[in-house]
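Written below as structure tokens is the structure these notes are about.
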Amino acid sequence: MKLSPDETIFWEYGFININLTIVTTWALMLILVISSRLITRNLKVEIHISRWQVILEIIVIMINNQIKEIGLEKPEKYIGFIGTLFLFIGLANLFVIFPWYQPPTSSLSATAALAISVFLSVPYFGIGKKGLGGYLKSYLKPTFMMLPFNLISEVSRTLALAIRLFGNIMSGGMIVAILLSIAPFIFPVIMNVLGLLTGMIQAYIFSILATVYIAGAVKIKAI
Amino acid sequence: MQIDWFTVIAQIINFLILVGLLKRFLYKPILNAIEERENKISSQLEEAESKKEEAQKEKEEFKQKNEDFEDKKKKLMKKAVEESEEKREELLEKARKEAGKFRSRLKKSSEEVQQNLSQEIEEKVQKEVFAITRKALSDLASLDMEEQTLKVFISRLNELKEDEKKEFLEAFKSKSDPIMVRSAFDLPSKQKTEIQKTVAGILGTETKFQYKTVPELVSGIELTANGFKISWSISEYLNSLEKNISETIEEESKKGSEKQ
């Protein structure tokens with residue numbers, strides 16, 4: 001039994017290997033991009049619009065409002081990053097309803113990649129907003145004594161992000177797999193439903209935490 | 001449970017590509033569409049608001065115009081009524097004046113008619129009376145009327161009262177003009193001398209006489225001396241008759257005008 005989709009390797013050349021995680025990610029990317037393209041190809045500005053457009057608008061506005069609620073003033077600037085986090089993780093977790101599907105988020109490499117992206121995005125947005133000096137000063141708040149703790153928290157929260165998502169999704173998959181061998185009927189379905197819920201909650205938590213970290217770096221006054 | 005670093009790097013790249021693609025194909029167009037629609041709706045609302053305002057303004061204007069029109073109408077009506085009233089008054093005044101003029105003319109003409117009538121009646125009556133008297137006298141006493149007239153005149157001269165005589169004398173003395181005797185008929189010389197004798201009897205002296213024939217006297221005779229006058233004629237009788245008749249006519253005409 002393979003614990004991670006990383007272990008299913010399709011093609012290998014030295015350091016380079018194309019495993020199930022990467023392939024599934026590509027598939028998810030394709031689905032997201034193509035469906036967005038199909039729906040936004042003929043967007044209408046009239047009062048009557050297509051149902052698909054309504055669904056997309058609802059999702060986008062929801063993400064926008066969430067970002068705004070957390071305290072970022074111009075959500076349009078961050079929605080590309082935060083919204084994509086949410087949509088990608090959400091979709092990846094949502095597809096567990098398909099049999100034999102292994103979500104890329106159950107691979108520690110993939111979640112680590114997302115966490116590293118968040119870790120990098122914090123200084124990116126922070127420096128973009130306050131300049132390099134202003135951003136670096138935020139590590140000295142409230143006093144310079146806090147600098148090591150700030151640095152440690154920076155790393156630890158990234159680790160926590162990666163492990164939390166990986167642990168939740170992987171365990172969900174594991175529980176279903178174990179239950180299948182013990183009680184193959186009905187129970188796995190219930191656990192699968194729970195897994196769906198957990199997956200959506202994890203997508204929400206991941207993107208909200210990313211937003212909070214970015215907001216902490218962007219705001220003039222540190223929280 | 002281990003981290004495959006190639007997968008991590010590949011996933012980071014994958015994720016960044018996905019961010020770029022979704023930005024390009026999802027967030028931007030959707031956000032743009034939402035903004036555009038909101039702008040459109042707000043502009044439409046603004047337009048509606050402005051149209052409403054315009055409508056309100058036009059309504060006000062129309063109302064104002066209507067009021068003005070009503071005002072004007074009332075004024076014109078009032079003016080027209082006043083003018084017609086004035087005109088009516090004027091016409092009435094004119095008619096009244098004309099009626100008054102007409103009435104006075106009528107009155108005048110009726111007066112004229114009355115006068116003419118009375119004159120005519122007088123003349124006729126005089127003539128009739130004269131004729132009757134003449135006929136009666138000649139039939140009853142086979143007397144000449146002129147002779148009788150003279151007789152009456154002379155007897156009147158003789159019957160003059162003292163103060164009348166005195167007056168006559170004074171009048172006679174004040175001027176030496178001849179005594180004028182006027183009569184409706186030619187006096188025969190016999191009667192002339194009779195008058196002269198009688199007068200001389202009153203005055204005590206002889207004096208000159210002048211005789212004149214005046215038909216208007218109607219069978220009468222008249223003696224004048226410097227303002228003093230003694231006379232007798234049928235017209236004296238006639239005068240009272242005339243007076244009566246004219247009174248009757250006046251009463252009649254009065255009744256007629258009252259009836260009008």
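Every chain is numbered from 1, with letters handed out A, B, ... down the list of sequences.
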Between OG1 of B/Thr7 and CG of A/Asn19, what distance do you get to the nearest 0.5 Å? 4.0 Å
If you count heavy atoms of other groups shown closer than 6.0 angstrom to CZ of A/Phe10, is the number above 12? yes
Within residues 156-164 of chain A, which positions have a heavy-atom distance to chain B below 4.5 Å? none
Which one wins on heavy-atom pair count under 4.5 Å against chain B: A/Leu28, A/Leu87, A/Asn64? A/Leu87
Measure the spacing between CG of B/Asp4 and CD1 of A/Ile22 and express it to the nearest 0.5 Å. 7.0 Å
Between A/Ile16, A/Leu114, A/Ile61, A/Ile116, who has the most heavy-atom pairs with chain B when the cutoff is under 4.5 Å? A/Ile16
Within a reach of under 6.0 Å around CD of A/Glu73, are more than 12 heavy atoms found that belong to other residues, nucleotides or ligands? no
Most heavy-atom pairs under 4.5 angstrom with chain B, which of A/Pro104, A/Ser107, A/Ala112, A/Gly83? A/Gly83
Distance in Å, A/Thr21 OG1 paired with B/Phe6 CZ, rounded so as to fall on 0.5 Å steps: 11.5 Å
Mark yes when over 12 heavy atoms from residues, nucleotides or ligands other than A/Phe15 sit less than 6.0 Å from its CZ; otherwise mark no. yes
Chain A shares the most heavy-atom pairs under 4.5 Å, among B/Leu21, B/Ile12, B/Asn39, with B/Ile12
Closest-packed option against chain B by number of heavy-atom pairs under 4.5 Å, given A/Ile39, A/Ile79, A/Thr111: A/Ile79
Greater than 12 external heavy atoms within 6.0 Å of A/Phe95's CZ: yes
Atom pair OG1/CG of A/Thr25 and B/Asn14 - distance to nearest 0.5 Å: 6.0 Å
Rounding to 0.5 Å, atoms CZ (A/Phe81) and CG (B/Leu22) come to a distance of 13.0 Å
Using a 4.5 Å cut-off on heavy atoms from C-beta on, say whether the side chain of B/Arg37 contacts that of A/Glu57. yes
Report which part of B/Glu35 has an atom under 4.5 Å of a heavy atom belonging to chain A: side chain, backbone, both, or neither. neither
Using a heavy-atom cutoff of under 4.5 Å, enumerate the residues of residues 23-33 of chain B that contact chain A, numbered in order, or state 'none'. B/Lys23, B/Phe25, B/Leu26, B/Tyr27, B/Pro29, B/Ile30, B/Leu31, B/Ala33
B/Ile17 side, atom CD1; A/Thr84 side, atom OG1 - distance, nearest 0.5 Å: 12.5 Å
